Engineer: 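I have a structure I would like to understand better, so I am pasting it below and will then ask my questions one at a time.
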Amino acid sequence: MNDTFLKACRGEAVPYTPVWIMRQAGRYLKQYQKIRKKVDFLTLCKTPELAAEVTIQPIDALGVDAAILFSDILIPVEAMGMNLQFSEKKGPVFTKPIRDMASIDKLIIPEPEETLNFVLETIKILCRELSNRVPLIGFSGAPFTLATYMIEGGTSKNFLQTKKMIFQTPDLYAALMDKITHTVTKYLRAQIRAGVQAVQLFDTWAGVLSPRDYRDFALPYVKRVIEALRSEQSTVNSQQSAPPPTPPPRGGRVREGVKTPIIYFVGECAGLLEDIKNCGADVIGIDWRINIDEAIKSLGSSISVQGNLDPCALFLPKEKIEDRVKDILNRTSSARGHIFNLGHGVLPETPVENVVAVVEMVHRLSKK
Ligand code: CP3
């Protein structure tokens, strides 16, 4: 198994800097488009054989050091009982956004083994099919980012509905976040039990909050998720000789004494790093709007970092891309651990050969 990614997450020595690409499975790949012509996006997410196939496509095409489960952050929100649609133009849409207590009361905290079993099945297929290649990353949206979609009903410019709920009806917001936090915790726990070897929490929209609001209305819920995952692991880890309550699946992760790395990605994180530092994650994902060495300085030496090439830099000529890759590698020399990535998802228009080139550059230029 190529474990450079897991080692960098833990801050252990690596022979070269590992790399994977956020949204590495997707429309910029012809192989993905071919499958998407036959099925819509939600069907793709819910068909384990197909979801596993598109998860593996970028491993073959790019030579990255980790696979990320193919799914979407809004899948567990649908399982909470909300009607989810993906429109070609508007992206994800919830037809009945959350605006009152009655709709929060109706939300379910799903049992992953029941309503989200297709995700766990996808993971099990991937554990078999990836076995000796690269680790598999599971993921969830972080509570605040999921709440924005549920409250706004889709993507938003200024997140006014979300902030109105926070400021005008904080009890409603707290009740909603409580349900989301439970959902996310159960969902990630189930993914870890099914076999993922690391998890990433996507807080794509947390950067729209002021630092004080981030500290009060987003960070505490992320911490709760991370603490709950850690406490489960210490239970597993302390049962050195006793058999675990449910046997881990073949190829599954739950190996005693090994904790699953947790990555926390925040979009527009620059003004929030002093707070993010205390979230409890092993790795912080950094977007491109800050030099990564400055982020490392704020985060300190007990955390690894991931990032942070601007996704649009993939439209530069190759020699200029290489300058930027070198620059990021130079700036991360003092990090506890570094996983190369983009600062956000790869764009559908991106030339595949440039993504392949970045992976090759990172491996070549960082070789010890
Ligand atoms: O990284 C991967 O390769 C794994 C798969 C993955 C997808 N979405 C597939 C996807 C992951 C990890 C996500 C996370 C996700 N989804 C986030 C957080 C990360 C980020 O990019 O900010 C968010 C905010 C979403 C919600 C979402 N899903 C939006 C806003 C959209 C529409 C925009 C777009 O890119 O089309 C999606 C759709 C989506 N999720 C697609 C894919 C491959 C495109 C669907 C298609 O094939 O038409």
Side-chain angles (χ1 to χ4, degrees), residues 19-47 50-62 64 66-78 82 84-94 119 122-123 126 134 136-150 152-157 159 162 184 187-188 191 196 198-208 263-269 285-288 306-308 311 339 341-350 352 355:
V19 49
W20 66 280
I21 306 287
M22 286 196 276
R23 293 279 187 103
Q24 64 190 17
R27 288 163 294 187
Y28 75 108
L29 286 178
K30 286 223 169 62
Q31 307 87 304
Y32 175 84
Q33 287 170 5
K34 204 171 150 201
I35 291 185
R36 267 286 278 114
K37 265 199 206 123
K38 292 188 228 151
V39 290
D40 63 66
F41 176 61
L42 280 175
T43 306
L44 178 50
C45 291
K46 292 175 187 177
T47 313
L50 290 180
E53 185 179 340
V54 296
T55 302
I56 294 175
Q57 285 175 349
I59 313 307
D60 295 331
L62 311 177
V64 283
I68 180 158
L69 168 71
F70 188 83
S71 186
D72 196 81
I73 59 165
L74 301 175
I75 290 285
V77 177
E78 186 185 45
M82 291 189 72
L84 172 63
Q85 290 165 11
F86 274 90
S87 113
E88 289 296 328
K89 281 201 191 116
K90 287 196 264 175
V93 177
F94 287 114
V119 175
T122 307
I123 294 171
L126 283 166
V134 290
L136 175 65
I137 307 170
F139 70 90
S140 170
F144 174 77
T145 290
L146 294 183
T148 65
Y149 283 101
M150 295 167 82
E152 303 290 337
T155 316
S156 169
K157 270 208 177 112
F159 297 88
T162 307
V184 169
Y187 184 48
L188 286 176
Q191 290 185 34
V196 302
V199 292
Q200 174 154 323
L201 279 156
F202 284 93
D203 224 346
T204 306
W205 301 121
V208 305
I263 308 167
Y264 178 47
F265 168 78
V266 179
E268 305 214 30
C269 65
I286 311 290
D287 66 273
W288 68 92
Q306 177 175 281
N308 75 339
I339 297 131
N341 206 319
L342 304 182
H344 200 169
V346 61
L347 299 165
E349 302 83 357
T350 309
V352 182
V355 189

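First listed ligand is number 1; within each ligand, the first listed atom is number 1. This is a predicted model, so every value here is computed, not measured.
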Engineer: Looking only at distances, please establish whether an N/O atom of ligand 1 is found under 3.5 Å from an N/O atom of Arg27.
Structural biologist: yes
Engineer: Looking at ligand 1, does any of its N/O atoms fall within less than 3.5 Å of an N/O of Tyr32?
Structural biologist: yes
Engineer: Based purely on interatomic distance, does Glu88 place a nitrogen or oxygen under 3.5 Å from a nitrogen or oxygen of ligand 1?
Structural biologist: no
Engineer: Check this for me - ligand 1, Gln24, N or O atoms closer than 3.5 angstrom, yes or no?
Structural biologist: yes
Engineer: Could you identify the single nearest non-hydrogen protein atom to atom 18 (C) of ligand 1 and state the distance to 0.1 Å?
Structural biologist: Thr204 OG1, 3.2 Å
Engineer: So, do Leu69 and Thr122 sit near enough that their side-chain heavy atoms are less than 4.5 Å apart?
Structural biologist: yes
Engineer: Would one find an N or O of Gly26, backbone or side chain, under 3.5 Å from an N or O of ligand 1?
Structural biologist: no
Engineer: Atom 9 (C) of ligand 1: which protein heavy atom is closest, and how many Å away?
Structural biologist: Ser71 O, 3.3 Å
Engineer: If I compare all heavy atoms of Ile75 with all of Lys46, which pair ends up nearest, and what's the gap?
Structural biologist: CD1-CE, 4.4 Å
Engineer: Can you tell me which residue and heavy atom of the protein come closest to atom 1 (O) of ligand 1, and the distance to 0.1 Å?
Structural biologist: Arg23 N, 2.8 Å
Engineer: Answer yes or no: are there more than 12 heavy-atom neighbours, outside Glu88 itself, under 6.0 Å from its atom CD?
Structural biologist: no
Engineer: Note the single closest protein heavy atom to atom 46 (C) of ligand 1, along with its residue, its atom name and the distance in Å.
Structural biologist: Arg36 NE, 3.3 Å
Engineer: Quick one: look up the protein heavy atom nearest atom 29 (C) of ligand 1 and list residue, atom name and how far away it is.
Structural biologist: Pro92 CD, 3.5 Å
Engineer: Provide, to 0.1 Å, the distance between atom 42 (C) of ligand 1 and the closest protein heavy atom, together with that atom's residue and name.
Structural biologist: Phe41 CE1, 3.5 Å
Engineer: Identify the residue among Ile59, Thr55, Leu29 that makes a side chain to side chain contact (heavy atoms under 4.5 Å, CB included) with Gln24.
Structural biologist: Ile59
Engineer: Taking the six-membered ring for Trp, are Tyr32 and Phe70 ring centroids under 6.0 Å apart?
Structural biologist: yes
Engineer: Side chains of Leu50 and Lys38: closer than 4.5 Å at any heavy-atom pair?
Structural biologist: no
Engineer: Which protein heavy atom lies closest to atom 38 (C) of ligand 1, and at what distance to 0.1 Å?
Structural biologist: Phe86 CE2, 3.5 Å
Engineer: Considering all heavy atoms of both residues, which atom of Trp20 and which atom of Gln306 are nearest to each other, and what is their separation?
Structural biologist: NE1-OE1, 3.0 Å
Engineer: Test Val199 against Leu201 for side-chain contact (heavy atoms from CB on, under 4.5 Å), laying out the working first.
Structural biologist: CA-CA 7 Å; Val199 292; Leu201 279 156; 5.9 Å; no
Engineer: If we only consider heavy atoms of Gly345, is any one of them less than 4.0 Å away from an atom in ligand 1?
Structural biologist: no
Engineer: Is His344 in contact with ligand 1, taking contact as a heavy-atom separation below 4.0 Å?
Structural biologist: yes
Engineer: Does ligand 1 have any atom sitting under 4.0 Å from a heavy atom of Leu69?
Structural biologist: yes
Engineer: If you define the side chain from C-beta out and look only at heavy atoms, does anything of Tyr149 sit under 4.5 Å from Ile73?
Structural biologist: yes
Engineer: Tell me, please: is Tyr149 in heavy-atom contact with ligand 1, that is, under 4.0 Å?
Structural biologist: yes
Engineer: If you have a sec, work out which protein heavy atom is nearest atom 26 (C) of ligand 1 and how many Å separate them, to one decimal?
Structural biologist: Asp72 OD2, 3.6 Å
Engineer: Can you tell if the side chain of Leu84 reaches within under 4.5 Å of the side chain of Val93, non-hydrogen atoms only?
Structural biologist: no
Engineer: To the closest 0.5 Å, what do you measure between CZ (Phe86) and SG (Cys45)?
Structural biologist: 6.5 Å
